[in-house]
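Taking it in order: structure first as structure tokens, then the write-up.
Position 1 is the first residue of the sequence, and the numbers go up from there. Note that ligands are numbered from 1 as they come in the structure, with each ligand's atoms numbered from 1 the same way.
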Amino acid sequence: MIDKNGVAAEAVLAEIRALRAADRPTHGGRLFAYVYDPAVPGLDELTAAAHRESAHVNGLDPTAFPSLLAMENALVGAAATVLGGGPGTTAPDVVGSVTSGGTESLILAVKAARDAHPEITEPRIVVPSSAHAAFAKAAHYLRVELDTAPVSPATLRPDPAAMAAAIRPETVLVVCSAPSYAHGVVDPVVEIAAAAADAGVRCHVDACFGGWTLPYLRRLGVPVPAFDFAVPGVTSISVDLHKYAYAPKGVSVLLHRDAALRAPQYFAYADWPGYTMINPVIASTRSGGPIAAAYATLRHLGDDGYLALAERTRDAVAGLADAVRGVDGLRLMAEPESTVVCFTATEGGPDLFVLVDELTARGWHTQPQLSYADLPASVHLTVTAAVAPRVAEFGPDLAAAVAAARAAGPVALPSELAALATSLTPDALTPELVAGLAAGLGLGAGAVDRMAVVNTLLDAAPSALRERLLVEFVGLLQRPTW
Ligand SMILES: Cc1ncc(COP(=O)(O)O)c(C=O)c1O
């Protein structure tokens, strides 16, 4: 890797381009996860240039680099405005921080809630089962207990009464999603925030995913329930600019209703011989690149731009949902109310994991979701504005993929694999067993064409075993090259 004489710039870029050829296509409107593409001409060039301007600026010290502080404050102000805060609203004192992504925003929301109550020795948070996995990660990292309220298989939302009942004296935070990632539905924020407020507990609205589009969809006439700072009891909201604000990766905003709520989020340390350290977020050294790129995106697209993008996305969602309705053997998990189309198979319908592979073979990259509690496996489509011109092509390909999946039938796991999935405990997984499993599944050598076998195996396993298998499988991929 470290070449003795170094490699010429063009050759290095050629190497990167060659590596990138194996990736899923980030542009073109056929990838329904991971990437948020507005398909706005010139935006990539603008954000690359903005990133370059600030790539070497360090967010570690806002007094040394006031340019970054100014851009961060502008991003926080913009996010607060979109989400019902700021001058002239019922939340005029909103403050916030720019983080590296949704996960960091959520970890910090949990940290702020936990550290606001040092007297609670065993803090807990209440989340719906549909809350993003990053809350479980936050709970794990911060040693906070997670109390999970189930979502109804019919509405895919938690019962506010069950959320309220889960609040205990040790609860430091109650969480809801607007919308949830898996199904794209907005939780009953008004009722949940009221229950939290009654108990004197903070309430975080995770609007990381769709928080930037919901207000625009509302302006277009979509019936979006109240979810932002206009709702009494909502104490913090997260929104990812690298999702529907269409900024390049690495930027999210965590907002608090006031500065006192934010204070315990900070980490300051002066008890060592080096520089005094004050970090609002988890990272210390931070590149200014993503922040400048996000700033450029918001400035360039503007309010009208976001409204137009939301309109295109809304139309794409409607078209994709129609395509799903038009195919025998599939049903929508929920009527789309944001930017997600999520469907499952009906009785006698195609195997969804095989269907996902058939769609991939036709150039459509969808996201399989494993069965969970009383929710069936499903297929998730995150819809962005770039999808709009492709919608008409999706229906026929979906029909063809379903026909092919029906013809192929479900994956038949080799009996020894099926037995392992149901009988194995995570502790019993030895490195040899994992290596054998991975080889049997065709894993270990980079991208896998057909994922149905892997997904079928994971789907058959209980979650603790799923987690362990995922760790082992990805560990096999993450090996140094020499
Ligand atoms: C609702 C929600 N919250 C949090 C996250 C985590 O965001 P990130 O992947 O940027 O850490 C996501 C990601 O999809 C999300 O959908």
Side-chain angles (χ1 to χ4, degrees), residues 24 26 31-37 75 79 82-83 96-111 125 127-142 146 148 151 156-158 173-187 189 192 203-215 217 224 227-228 234 236-255 281-283 286 290-291 293-294 297 313 333-334 336-342 365-369 372 378 380-384 470 474:
R24 296 192 169 198
T26 54
L31 175 57
F32 291 109
Y34 312 115
V35 165
Y36 298 76
D37 180 14
L75 293 177
V82 167
L83 293 167
S97 302
V98 174
T99 74
S100 65
T103 300
E104 187 177 5
S105 289
L106 299 185
I107 291 174
L108 288 169
V110 175
K111 176 196 166 348
I125 62 174
V127 301
S129 60
S130 54
H132 194 274
F135 286 106
K137 182 172 175 177
H140 178 72
Y141 279 17
L142 298 168
L146 197 64
T148 306
V151 296
L156 304 168
R157 282 174 248 267
L173 186 68
V174 175
V175 165
C176 34
S177 312
S180 64
Y181 178 81
H183 310 116
V185 301
V186 180
D187 288 341
V189 175
I192 293 171
C203 174
H204 180 80
V205 176
D206 178 7
C208 283
F209 178 52
W212 203 271
T213 29
L214 290 178
L217 290 174
V224 173
F227 73 96
D228 61 16
V234 169
S236 55
I237 307 183
S238 49
V239 61
D240 293 356
L241 304 188
H242 63 202
K243 294 195 170 83
Y244 281 100
Y246 292 116
K249 303 259 177 278
V251 187
S252 167
V253 174
L254 171 60
L255 301 167
V281 298
I282 296 176
R286 289 185 295 141
I291 292 163
T297 308
T313 308
M333 286 288 287
E337 55 186 81
S338 59
T339 56
V340 171
V341 175
C342 180
H365 305 277
T366 60
Q367 198 168 48
Q369 300 184 139
Y372 167 78
S378 58
H380 168 108
L381 313 186
T382 288
V383 184
T384 60
L470 288 168
V474 172

Can you list, pair by pair, the side-chain donor-acceptor contacts under 3.5 Å of residues 204-211, counting residues two or more places apart and other chains?
| from | atom 1 | to | atom 2 | distance (Å) |
| --- | --- | --- | --- | --- |
| His204 | ND1 | Ser236 | O | 3.4 |
| His204 | ND1 | Ser236 | OG | 2.7 |
| His204 | NE2 | Ser238 | OG | 2.9 |
| Asp206 | OD1 | Cys208 | N | 2.9 |
| Asp206 | OD1 | Ser238 | OG | 3.4 |

Nearest heavy atoms of Tyr34 and Lys249, plus distance in Å: O-NZ, 3.0 Å
Ser130 and its side chain to side chain contact (heavy atoms under 4.5 Å, CB included) partner, picked from Leu156, Val185, Val151: Val151
side-chain contact (heavy atoms from CB on, under 4.5 Å) partners of Val82, counting only residues at least two apart: Trp212, Pro215, Tyr216
Donor on one side chain, acceptor on other, Thr213 and Thr339, under 3.5 Å: no
Ring pair (Phe, Tyr, Trp, His ring centres under 6.0 Å) involving His380 - partner list, sequence neighbours excluded: Tyr181
Ligand 1 polar-atom proximity to protein (N/O, under 3.5 Å):
| from | atom 1 | to | atom 2 | distance (Å) |
| --- | --- | --- | --- | --- |
| ligand 1 | 3 (N) | Asp206 | OD1 | 3.3 |
| ligand 1 | 3 (N) | Asp206 | OD2 | 2.7 |
| ligand 1 | 7 (O) | Asp240 | OD2 | 3.4 |
| ligand 1 | 7 (O) | Lys243 | NZ | 2.9 |
| ligand 1 | 10 (O) | Gly102 | N | 2.9 |
| ligand 1 | 10 (O) | Asp240 | OD2 | 3.4 |
| ligand 1 | 10 (O) | His242 | NE2 | 2.9 |
| ligand 1 | 10 (O) | Lys243 | NZ | 3.1 |
| ligand 1 | 11 (O) | Gly102 | N | 3.4 |
| ligand 1 | 11 (O) | Thr103 | N | 2.7 |
| ligand 1 | 11 (O) | Thr103 | OG1 | 2.5 |

